[in-house]
Enquirer: 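Structure in structure tokens, see below.
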Protein chains: 2
Amino acid sequence: MDIKKTYSISELAKEFDVTTRSVRFYEDQGLLHPTRRGQTRIFSSKDRVRLKLILRGKRMGFSLSETKELFDLWDETLSGNEKQLLLMLNTLANKRAQLEQQKNDIAQAEMEMDTAEARCREALADLQKKKREQTKIQKAQIKEEPQPVEQK
Amino acid sequence: MDIKKTYSISELAKEFDVTTRSVRFYEDQGLLHPTRRGQTRIFSSKDRVRLKLILRGKRMGFSLSETKELFDLWDETLSGNEKQLLLMLNTLANKRAQLEQQKNDIAQAEMEMDTAEARCREALADLQKKKREQTKIQKAQIKEEPQPVEQK
DNA sequence: AAAATACTTTACGTTTACGTAAACTTTATC
DNA sequence: GATAAAGTTTACGTAAACGTAAAGTATTTT
């Protein structure tokens, strides 16, 4: 038994930092299924979870329709039909492959960022060195030609 | 000294399985900078690398303009200006944070897929069991009421 | 030289995921 | 009871990332 509470559209919007427009859009596209009190939407904790999943999906580069497909598939899976179960297992395997690809991409990106960062730091160090040499020269010059007397 | 070769638009398109339209679009958006022989585009191996990065970026949910920003930033970084170097380091740190978020998302998704898969297999096992019970009953019925003689 | 092939520019069309504005109801507050 | 606050529908607008078609050039093949 989840948190059981219900949510208004602006509660959800605020919590997940999206606009109400987006939430309504997700309903329009069949990703959320709030009930109504009068004409006002009432979201269940299931809707809340789904919203969270939608947003995570987006961060992972999934389109809304991809996410919707997963939702629908899962709902049909719950019906317990064998064909649907097998289909779901299949889909899960595909998604796993996608995730593997993403993990690879991320690992690659991290390696390249490592070398990029290293080069940056190296270049910076070089600059600092040059700066220090420069100030040394200046100090030397000051010693050679000391205290020019100020006058008004 | 990379592979040093140059590439036609269709070579690149074929290699990375994108349309020539896309490649031209990426140039239009300032992500690729092919030279020209007459009016025909000639892509360098640097362009090839960038195309690869563009596509990886897309898989990771980066927009073209995000990727372009990175390219531009990197190019300016190469100029060795201190301000640019610091800016790049900053940006790299931000991107790393993004990647961490993505890794979290992926880990979460994998966990949920694990439980989803487990439930599926369980449900399937239940179905199989019921099936076996069903056939047992049928076999029992056949034993009780054996060999109905066939006639024509 | 005619035809096929590969490339080009120009430009309008399309999908996704909302933004934004207008006009209206319902509920809470003064 | 007026007004503000939060919700609603309807509908047009927009940015991103191409698709697609038209019409032309350049080169290679037959």
Side-chain angles (χ1 to χ4, degrees), chain A residues 5-44 47-48 50-72 95 98 101-102 105, chain B residues 5-44 47-48 50-72 95 98 101-102 105:
Chain A
K5 213 196 145 192
T6 66
Y7 307 85
S8 78
I9 192 170
S10 48
E11 276 178 317
L12 283 187
K14 199 166 294 180
E15 176 173 0
F16 293 107
D17 195 34
V18 295
T19 64
T20 59
R21 176 69 176 90
S22 297
V23 177
R24 291 198 192 94
F25 184 73
Y26 299 153
E27 181 192 1
D28 227 60
Q29 303 300 305
L31 290 155
L32 300 176
H33 303 288
T35 58
R36 302 284 178 129
R37 204 185 76 196
Q39 64 175 0
T40 302
R41 275 161 257 250
I42 299 181
F43 296 89
S44 67
D47 287 314
R48 205 188 82 110
R50 293 213 155 178
L51 181 50
K52 196 187 294 189
L53 292 177
I54 291 169
L55 298 177
R56 183 200 295 158
K58 294 199 68 180
R59 286 197 304 269
M60 294 170 53
F62 288 14
S63 73
L64 292 184
S65 57
E66 278 178 301
T67 302
K68 179 182 157 55
E69 274 184 56
L70 277 178
F71 285 175
D72 292 352
K95 292 290 165 188
Q98 266 189 55
Q101 167 72 357
Q102 292 208 20
D105 286 337
Chain B
K5 214 195 143 194
T6 67
Y7 307 86
S8 78
I9 192 169
S10 48
E11 276 178 317
L12 283 188
K14 200 167 290 179
E15 176 173 2
F16 292 107
D17 195 33
V18 295
T19 63
T20 59
R21 176 68 176 92
S22 297
V23 177
R24 291 199 192 94
F25 185 73
Y26 299 152
E27 181 194 2
D28 227 60
Q29 302 303 302
L31 290 156
L32 300 176
H33 303 287
T35 59
R36 302 282 178 132
R37 203 185 76 199
Q39 64 175 4
T40 303
R41 276 162 257 249
I42 298 181
F43 296 87
S44 67
D47 286 316
R48 204 188 82 108
R50 294 213 155 179
L51 180 51
K52 196 188 292 189
L53 291 177
I54 292 169
L55 299 177
R56 184 201 292 159
K58 295 198 67 177
R59 286 196 304 269
M60 295 171 53
F62 287 14
S63 73
L64 292 185
S65 56
E66 278 179 300
T67 303
K68 177 181 159 56
E69 273 183 55
L70 277 177
F71 286 176
D72 291 352
K95 292 291 166 189
Q98 266 190 55
Q101 167 72 357
Q102 291 209 20
D105 286 338

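Chain identifiers are assigned alphabetically (A, B, ...) following the order of the sequence lines, protein sequences preceding nucleic acid strands; residue numbering begins at 1 within each chain.
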Enquirer: Measuring from atom CD of A:Glu69 to atom CG of A:Leu31, what distance do you get when rounded to the nearest 0.5 angstrom?
Expert: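 So the CD of A:Glu69 and the CG of A:Leu31 are separated by 11.0 Å.
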
Enquirer: Knowing that exactly one of B:Thr67, B:Leu32, B:Leu55 qualifies, which makes a side-chain contact (heavy atoms from CB on, under 4.5 Å) with B:Arg50?
Expert: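 Only one option passes, and that is B:Leu32.
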
Enquirer: How long is the gap from CG on A:Asp105 to CZ on B:Arg59, to the nearest 0.5 Å?
Expert: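 Going from CG on A:Asp105 over to CZ on B:Arg59, the span is 4.0 Å.
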
Enquirer: Of the nucleotides C:dG19, D:dT8, D:dG19, which has the atom closest to the A:Arg21 side chain?
Expert: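 It is C:dG19.
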
Enquirer: Is there a side-chain contact between B:Ile54 and B:Phe16, using heavy atoms and a 4.5 Å cut-off?
Expert: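 Sidechains of B:Phe16 and B:Ile54: no contact.
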
Enquirer: Out of curiosity, B:Glu11 CD to B:Thr6 OG1, how far, rounded to the nearest 0.5 Å?
Expert: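 Here the rounded value is 7.5 Å.
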
Enquirer: Rounded to the Å, how far apart are B:Ile9 CD1 and C:dT8 C1'?
Expert: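 It works out to 9 Å between those atoms.
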
Enquirer: Rounded to whole angstrom units, what separation is found between the CG atom of B:Leu55 and the C1' atom of D:dC18?
Expert: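 About 13 Å, once rounded to whole Å.
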
Enquirer: When rounded to the nearest 0.5 angstrom, what distance separates CZ in A:Phe25 from CG in A:Leu64?
Expert: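 CG of A:Leu64 is found 6.0 Å from CZ of A:Phe25.
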
Enquirer: Rounding to an integer number of Å, can you tell me how far B:Lys14 NZ sits from C:dA6 C1'?
Expert: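 Atom NZ in B:Lys14 sits about 11 Å away from atom C1' in C:dA6.
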
Enquirer: Could you list the protein-to-nucleotides 14-17 of chain D atom pairs, N/O on both sides, closer than 3.5 Å?
Expert:
{"residue": "D:dA17", "atom": "OP1", "partner": "B:Leu64", "partner atom": "N", "Å": "2.8"}
{"residue": "D:dA17", "atom": "O3'", "partner": "B:Lys58", "partner atom": "NZ", "Å": "3.4"}

Enquirer: Rounded to whole angstrom units, what separation is found between the CZ atom of A:Arg24 and the C1' atom of C:dG19?
Expert: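 Distance, rounded to whole Å: 13 Å.
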
Enquirer: Distance check: side-chain N/O of A:Thr20 vs OP1/OP2 of D:dG7, anything under 4.0 Å?
Expert: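 A:Thr20 to D:dG7 OP1/OP2: no side-chain N or O under 4.0 Å.
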
Enquirer: Can you tell me the distance, in whole Å, between the OH atom of A:Tyr7 and the P atom of D:dG7?
Expert: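 Checked: the OH to P distance equals 16 Å.
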
Enquirer: What pair of heavy atoms forms the shortest contact from A:Gly61 to A:Glu66, and how long is it?
Expert: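 Looks like O-OE1, 4.1 Å.
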
Enquirer: Among A:Val23, A:Ile42, A:Asp47, A:Leu12, find the residue that satisfies the side-chain contact (heavy atoms from CB on, under 4.5 Å) test when tested with A:Tyr7.
Expert: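 The side-chain contact (heavy atoms from CB on, under 4.5 Å) with A:Tyr7 is passed solely by A:Leu12 among A:Val23, A:Ile42, A:Asp47, A:Leu12.
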
Enquirer: CD of A:Glu27 versus C1' of D:dT8: gap in Å, rounded?
Expert: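 That distance rounds to 11 Å.
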
Enquirer: Below 4.0 angstrom, which residues in residues 35-43 of chain B have at least one non-hydrogen atom near DNA chain D?
Expert: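 Of all residues in residues 35-43 of chain B, none places a heavy atom under 4.0 Å from DNA chain D.
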
Enquirer: What is the distance from atom CZ of B:Arg41 to atom CZ of B:Arg36, rounded to the nearest 0.5 Å?
Expert: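 One finds 4.0 Å between CZ of B:Arg41 and CZ of B:Arg36.
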
Enquirer: Hey, is the side chain of A:Thr19 poking within less than 4.0 Å of OP1 or OP2 on C:dC18, counting only N and O atoms?
Expert: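 No.
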
